[in-house]
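Okay, so here's the structure we're looking at.
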Amino acid sequence: MMKSWQASWIADPDFLGLSPIPVFHKENEPLETAAHPEALRNRHMLVRKTVAFDQKPLQAVLRLTADDYYKLYVNGRFVGQGPAQGYPFHYNYNEWDLTPYLIPGDNVIAVHVYYQGHINRAYNSGDLRQGMIAELHTEAGLIAASDHSWKWKRANQFDTSGTVGYDTQFLENIDQRLCIPDWHTIGFNDEDWENAVIKEDADYVLVPQATPAVSVYRAVPEQVRKLGEGHYLIDFGKELTGQFEMKAKGNGGDRIELRFGEELEPDGLSVKYDMRCNCTYLETWTLSGREDTLEQYEYKAFRYAEVIGPEEAIRPDSFAAVVRHYPLDPDACRFESADTLLGQIWDICVRGVQLCAQENFVDCPSREKGQYLGDNTVLGHTHMYISGDLRLFKKAIRDVALSAAVCPGLLAVAPGNFMQEIADFSLQWPMQLLLYYQHSGDIDFLREMYPVAEGLLAYFRKFARMDGLLEDVKEKWNLVDWPDNLRDGYDFPLTRPVSDGCHNVINAYYYGCIQTVQTIRDILNIPYEDELPALKRSFIAAFYRPEARLFADSTVSEHHSLHANMLPLLFHMAPADSIPSIVSLIRTKRLSCGVFMSYFLLKALAAHGETELIYELMTCRDDRSWANMVKEGATSCFEAWGKDQKWNTSLCHGWASAPIPILIEEIIGLKPAKPGWSEVSFNPRIPQGMHDFNLQFRTVSGTFEIVYKNGELHLGTPEGVTVV
């Protein structure tokens, strides 16, 4: 299990003797397994260990992980939390430098372990794997390892009263009377706590987490309004991810109602807590009679909070948010523009990606909290620019590769025990791998992942007709775009499973996937037979309509959707005389697609030099536009073009961040010419009417600065970087 560990896996005794529930299966072939006991969901476990030092260690490192999650305290001080979710056969652990927290004498390591218990996108849970393992090492060697001597107790203040999203998280109706005050401090008496029990059959393969833990910090409100006695409306000024914090002192049993949301109701005086995104953030906090501090465990996506309770109990000056997301250095990327709208679009895209980067990328930090393979195409690309940190994108690529253990055609959500398969997304994975390599120069990782790409192609080849085109890909959802009302009338029946027949988009992605894998083979000097010319001929014969000079949605269709034409344009399958017609179609239909597919639409235009149209679409004020998000009050980019354009719109969705990489690479025109940015191509195509701007961003080679002022463009490069 954990060959390099001397510690034992300790668990809540209720989980001893339970075999893990099998959770891995093809989406359309569910397993018949034992039901998960309801009583074992939403379990909070507190663990303590006292460690004594004659003198403070020079260096102390704690290796720690837990299933599903933990929060770590040392001597009453919060240290951090984790791990990033992972499959049991590749389970992450963190290393914490505890040196600043330790003192001579007694020290207390305290861990709040949480097991959620549902099969969902947010956790690798619902499988009855629970508990934790820890080892403390100093310059003197191993000092403490989790075993029977560690003390534990169940935390009972979290009422199991319902979930939000897709069983994504439990509502936290906290009864402070059931809390154990100061349980993580040195002076706390734990004599009545039980000794930990060891789960001998824990089956994890533990690996060091390849990314840093999330950054956790406090944020104060931008505005607090008193609406009445004991009634407060709190505005943090912009979307955030985290927990709400406050202090109160009332009578034992007094209740405070807490409401959270991404927007206000039309009256402007109350929070829309029954949110568009299928989360109802309405919770209660029952006071103990002591000086109480609200300590929520799970994170939410919200901007506003509403507090209703006894006036004399509430401390308005204590309102705060405990914000969490992947660490982001604000100096890693800066953009300033004389065009106010473009600056606002940039800002909402940055914040959307920032908040959708947690321990892994999440499609939204509210309803699902899942790392979707397709979303990573845009999220990963944008995140590399705004953070200058490639580790999270690399981890996302590996996470999906590990899902090949379930299906060589890869899962749409990874890691996680929620089995969903989307063909369009799977075919994008090699594109992400190649993109990461181009930015990082990490050829060892490319070589390591290459067999997964070959396995992916082999999986899809089993759906190929005699002419090489895919048909009846029924094992996976054929998405095309989402929501379905933004598919521009795509007329192939995208039922689940998909209808019989052969349609355009899945085959366009298949072509692009083979194109990418062949590029990877070239890089790795792997010989192959070029499949593309024959497949291109088959694609054109099946979908191209010469009389219209456009592509149709399927082999039997005469409908020319935006989606059926943008991908052949992007992957250079379109005949030369069709390109003006396709560009004209895009000019007419504009952003008649979802925000996710806008990434491919803009890249397709860029592949054929249509910079003016790219800029027009990026900054237009149509109902379907980023400007419409800004008009509707966005502080982070939306899941759809507008709040009412999808039935369950999340107001924070990083897949809408296409303007950032498109602006940098296709308009400003700066891209890596050699992997790792040691050589860059600079091909600016500044559209007419573009305002002055200043852009700085960090790469693995250093910081680039591009200044556009009074029609002149200046590029500053790191030392040693060649510009071509």
Side-chain angles (χ1 to χ4, degrees), residues 2 5-18 39-40 42-54 57 60-83 93-96 98 101-115 128-138 141-158 174-202 204 206 288 290 293 295 297:
M2 297 154 286
W5 291 66
Q6 299 178 53
S8 299
W9 189 273
I10 57 178
D12 182 322
D14 286 354
F15 289 83
L16 294 185
L18 300 178
L40 295 185
N42 200 32
R43 283 295 187 101
H44 291 262
M45 173 186 178
L46 307 179
V47 179
R48 285 172 48 92
K49 174 64 177 178
T50 299
V51 181
F53 295 104
D54 292 334
V61 175
L62 182 73
R63 296 200 298 176
L64 172 65
T65 194
D67 197 341
D68 299 331
Y69 202 71
Y70 71 83
K71 294 187 178 181
L72 170 66
Y73 304 84
V74 173
N75 296 336
R77 296 168 60 191
F78 174 75
V79 177
Q81 57 194 63
Y93 69 85
N94 303 107
E95 292 191 347
W96 298 100
L98 300 192
Y101 301 90
L102 299 178
I103 59 175
D106 285 347
N107 293 263
V108 171
I109 299 170
V111 188
H112 185 160
V113 178
Y114 180 55
Y115 174 79
L128 296 179
R129 289 183 173 89
Q130 185 273 347
M132 62 158 282
I133 190 170
E135 286 186 351
L136 178 63
H137 296 262
T138 72
L142 178 64
I143 300 301
S146 52
D147 59 18
H148 285 298
S149 67
W150 293 49
K151 296 292 193 75
W152 85 278
K153 200 173 189 67
R154 193 167 295 131
N156 295 315
Q157 68 267 32
F158 298 93
I174 297 174
D175 190 337
Q176 201 72 25
R177 295 170 298 182
L178 302 178
C179 285
I180 304 172
D182 303 322
W183 69 275
H184 43 41
T185 61
I186 296 174
F188 179 80
N189 186 348
D190 61 9
E191 290 183 356
D192 64 339
W193 285 37
E194 297 180 32
N195 287 95
V197 295
I198 296 173
K199 188 168 177 60
E200 301 284 359
D201 58 350
Y204 301 89
L206 299 180
S288 69
R290 303 182 296 268
T293 299
E295 292 183 273
Y297 195 89

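- Rounded to the nearest 0.5 angstrom, Leu98 CG and Thr138 OG1 are separated by 11.0 Å.
- For residues 63-81, every residue pair satisfying the salt bridge (Lys or Arg N to Asp or Glu O under 4.0 Å) rule, not counting sequence neighbours, is listed here: Arg63-Glu135.
- Aromatic ring centroids of Phe188 and Trp193 lie under 6.0 Å apart.
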**Message:** Working note: Trp96 + Tyr101, criterion ring pair (Phe, Tyr, Trp, His ring centres under 6.0 Å); need CA distance, chi angles, decisive distance, verdict.
**Reply:** CA-CA 11 Å; Trp96 298 100; Tyr101 301 90; 8.8 Å; no

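- Trp9 contributes a side-chain N or O that, together with a main-chain N or O of Gln130, makes up a donor-acceptor pair within less than 3.5 Å.
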**Intermediate values then yes/no, side-chain contact (heavy atoms from CB on, under 4.5 Å), Phe78 and Leu72** = CA-CA 6 Å; Phe78 174 75; Leu72 170 66; over 6 Å; no

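- Taken to the nearest 0.5 Å, the CZ atom of Phe53 stands 6.0 Å off from the CG atom of Asn107.
- Counting only distance, with no hydrogens or angles, the side chain of Lys199 and the backbone of Gly131 share no donor-acceptor pair below 3.5 Å.
- When all heavy atoms of Gln81 and Tyr69 are compared, the closest pair comes out as NE2-OH, 3.0 Å.
- Looking at every heavy atom in both residues, Leu206 comes nearest to Ile133 through CD1-CG2, 4.0 Å.
- No side-chain heavy atom of Val79 sits less than 4.5 Å from a side-chain heavy atom of Leu62.
- A donor-acceptor contact shorter than 3.5 Å links the side chain of Tyr115 to the backbone of Leu128.
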Ignoring hydrogens and angles, write down the donor-acceptor pairs under 3.5 Å from the side chains of residues 142-157, residues two or more places apart or on other chains.
from	atom 1	to	atom 2	distance (Å)
Ser146	OG	Ser8	O	2.6
Ser146	OG	Ala134	N	3.1
Ser146	OG	Ala134	O	3.4
Asp147	OD1	Ser149	N	2.8
Asp147	OD1	Ser149	OG	2.5
His148	ND1	Ala196	O	3.0
Ser149	OG	Lys49	NZ	2.9
Trp150	NE1	Ala145	O	3.0
Lys151	NZ	Asp190	O	3.1
Arg154	NE	Asp12	OD2	3.2
Arg154	NH2	Asp12	OD1	2.9
Arg154	NH2	Asp12	OD2	3.0
Arg154	NH2	Asp14	OD2	3.4

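- Using a 4.5 Å heavy-atom cutoff, the side chains of Met132 and Tyr70 are not in contact.
- Of all heavy-atom pairs spanning Pro181 and Arg290, the tightest one is CG-NH2, 3.5 Å.
- Rounding to the nearest 0.5 Å gives a distance of 9.5 Å between CG of Leu178 and CD1 of Ile180.
- Annotation for Tyr297 and Val113: closest pair OH-C, 4.4 Å, computed over non-hydrogen atoms.
- Across all non-hydrogen atoms, the minimal contact from Ala60 to Leu136 is CB-CD1, 4.2 Å.
- Judged as a side chain to side chain donor-acceptor pair (under 3.5 Å), the pairs with a partner in residues 177-189 (not counting sequence neighbours) are, in order, Asp175-Arg177.
- Leu64 places none of its side-chain heavy atoms less than 4.5 Å from the side chain of Ile109.
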